[in-house]
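We count ligands from 1, going down the list as the structure has it; atoms in each ligand are counted the same way. Keep in mind that the numbers below use all heavy atoms, side chains included, and drop hydrogens, waters and symmetry copies.
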Amino acid sequence: MPTNPTFGKKEGAESARSGLDADALRRGVMDNLICLQGRHPAFATLQDWYMALAYTVRDRMLERWAATVEGYATRELRVACYLSAEFLIGPQLGNNLVNLGIEANTRAAMQSLGQDLDTLLAIEEEPGLGNGGLGRLAACYLDSLATLEIPAIGYGIRYEFGIFNQEIRDGWQAEVTDKWLQRGNPWEFLRPDVSFYVSFGGHTEHETDAQGRFRVRWISASQVKGVACDMPMLGYRVNTCNALRLWKSEAVESFDLQDFNAGDYYQAVQDKVASETLSKVLYPNDEPEAGKRLRLAQQYFFVSCSLQDMLRLLDRRREPVGRFAQMFAVQLNDTHPSIAIAELIRLLVDERCLPWDQAWDITRCTFAYTNHTLLPEALETWGVPLFRNLLPRLLEIIFEINRRFLDEVRQRHPGDESRIERMSLIDEAGEKKVRMAHLATVGSHAVNGVAALHSTLLRQTVLRDFAELWPERFYNVTNGVTPRRFILLSNPALAQVLDKTVGEGWVTDLTRLRKLEAHADDVTFHDEWRRVRRWNKEVLAGRIRDVTGIVVDPDALFDIQVKRIHEYKRQHLNALYIVTLYQRLRRDQEQGVVPRCFIFGGKAAPGYAMAKLMIRLITGVAEVVNNDPSMNGRLKIVFFPNFNVKNAHFVYPAADLSEQISTAGKEASGTGNMKFMMNGAITIGTLDGANVEIREEVGEDNFFLFGLSADEVERVKREGYRPEDRVECNAELREALELIAGGYFSRGDREVFRPLVETLRKSDPFFVLADYADYVACQERVSVAWQDPRRWTRMSILNAARSGKFSSDRAIREYSDRIWKISPVRIALDRP
Ligand SMILES: *Cc1c(COP(=O)(O)O)cnc(C)c1O
């Protein structure tokens, strides 16, 4: 049994390693500066101080981590394993201070050392190990899992280069490599002793063993070693500290010089480099599926390491493999890790010699699958030839799963060959492909969508036949976000008001914000509320000035759209409205347009030309409008570069209006919409994803709704949508499109925006022009509401008050209770 290390105390003082008062923290920082960072304080740089402080905070977490490991080791329990190709965890220092409850003491300790805490917080590089919503969801879930004291491990990939950094050059997006590890990562622990081999390529051999059993041997062409790299994930004001275990790829053997002649030496170096490429870079495509060999290799690599690790943990507890599903509940965050279903079968049948039926039962009881998209272009498939070449044994297993599954379907629906074709794990039309969503569904006991509407559509469209076959396996778990990071850490001014008004319990029970409703008409409370909002807007305005040079007025309506740039998210609809507003103002200077500041942020996938063009459109419009003296500063447009978690901290709290304007039926849930809402922004949005539930919670009077519903989009499509008709009957729309096409926002260049304007006029796959008129009308209602500050403030308070449902704590409770059947485990520290 592992024993807790002793965190000794000095006579009469708290330990420099574990003490939480300012004096112990100060001594801890000094010790770590000298002993870990190897710097004399007289020569310490800001980075040195940051590292010393990070180590000091980490020390406090390690005591809890050790207690958690021991607590889990000594109990019967079930562990939630969250498999995700992405974890967008954001900067760690601030969050860990908040969760430990030592922010004030740390500030004092650093001050006594002549250092400013905020400056140190600002220089932290964030681990950008995700693209956007999906990766950030995984990070919010880790925070809630630890806070709710649920035994859990996050499993993923330790990318050496995370999501690229975005710069704007000449109005265009430029991608810059994210070297987040360059200055070291104080939050991770490399564990060379926790490593596994992963095979690729080669062929299989079938044989009968001495006991007469059918056996398969996979003779691989190459192997890669995965080494565990752990990051502690501490809960809020609890001792639970779970691990985020990320796999780093390494060459299998460090080659020995003497074994090679000159030619082989360089080949060996090549092999080493190739192995290490596996965890080198995060694929920057958010939605559209890439179909790249290296990406499939990455997925299999991290999934195989993770499952082998679970088997190791089972063995260490001296549990038989037959109890795998009792010990682990494995959640698949989208299809990226769905190869796990075939890999667990392989490990159980080929390596642990279990019969297929038992292995299959274990597998189905273990896995649950979360679907994140209905977009056909985003559903993952892998060509069978590529799959066979890279993972021959896994393809065989998938074929066998499919054969057995289709037999079951045939028994239920004799002669229904078109159903067989639709449901097969293999798409046989054209080049054969493995359908990963089908594999994930067949191999799981639970399948869920991420918002009520999305789960309904999932059952009606993409997985319809499966929902018919196994209705009891389908669930909805609406996404949530952590109020620790997205209110307490990033909006301290609001947090203070909330503490005072509803009590501190809101941090772990967000439904308590309901108590704000009692103050929705209280004018003194309105003043307080507006002071907080004004402060946050000043902070963002300062950041905008520093980063872009654009000066914005904190009294203007801050109208914000931040998220990945994508046609379905329709940043170009927003841009069309801005052009319309600009035209109106130019025609009639006296028009009662309220001063607005339009703020955009978000990255475009490097290969997604249309998304990059949308960024160029926004910066083009910004250049013209911001510099038009006749505007008198009434309209400002900002493209805030490099939207990431760090920048998100400034953005969500400063929004008056949250733009959630995706084509209905396309956004699975959205989580940005929830972050805005809980910080008091009002949503302008379509009936899409979680917007539907946000509107339900807040009430229709406190939500600006526009646009076609998902059903209406489908009907318009069926009846033959002609975008050009919308242009013909709307003079303002025509004018806006002509201005863009005519080069007005591209320094006279009439070619640049042609693909964008032509796509809108000719096909408009995301119904931008169909929703344009209603969007403009809705924005007029927004302006009217804004001119009545009492009304606006009331709506803002009610939005925050009714955001309780969207805490990730609620979501994690639903997963734990309904899908994983896991209960919390209280962790105690071995000291008073
Ligand atoms: C929340 C978040 C997202 C997701 O935003 P959506 O509006 O839901 O698409 C993306 N990136 C970052 C950095 C986030 O914090």
### Query
How far apart are the C-alpha atoms of Asp656 and Arg533, what are their side-chain angles, what is the distance that settles it, and do they pass the salt bridge (charged side-chain N to carboxylate O under 4.0 Å, His left out) test?
CA-CA 8 Å; Asp656 295 304; Arg533 306 197 49 71; 3.5 Å; yes
#### Entry: Amino acids contacting ligand 1, non-hydrogen cut-off under 4.0 Å
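The 4.0 Å shell around ligand 1 contains Gly132, Gly133, Arg136, Val562, Lys563, Lys569, Phe643, Asn644, Val645, Tyr652, Gly670, Thr671, Gly672, Lys675.
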### Task
Could you tell me whether a side-chain N or O of Asn165 sits under 3.5 Å from a main-chain N or O of Glu175, the two making a donor and an acceptor?
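Here the side-chain-to-backbone pair does not exist.
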### Query
Are the side chain of Asn673 and the backbone of Thr671 linked by a donor-acceptor contact shorter than 3.5 Å?
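Yes; at least one donor-acceptor contact below 3.5 Å.
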### Query
Can Glu697 and Arg802 be counted as an ion pair, charged N to O under 4.0 angstrom?
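Answer for the salt bridge query: no.
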### Polar side chain donor-acceptor pair, Glu188 to Gln92, under 3.5 angstrom
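There is no such pair (donor and acceptor under 3.5 Å, judged by atom type) between the side chains of Glu188 and Gln92.
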### Message
Parallel, tilted or perpendicular, judged at 30° and 60°: which one describes the rings of Tyr775 and Tyr577?
### Response
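Because their plane-to-plane angle is over 60°, the rings of Tyr775 and Tyr577 count as perpendicular.
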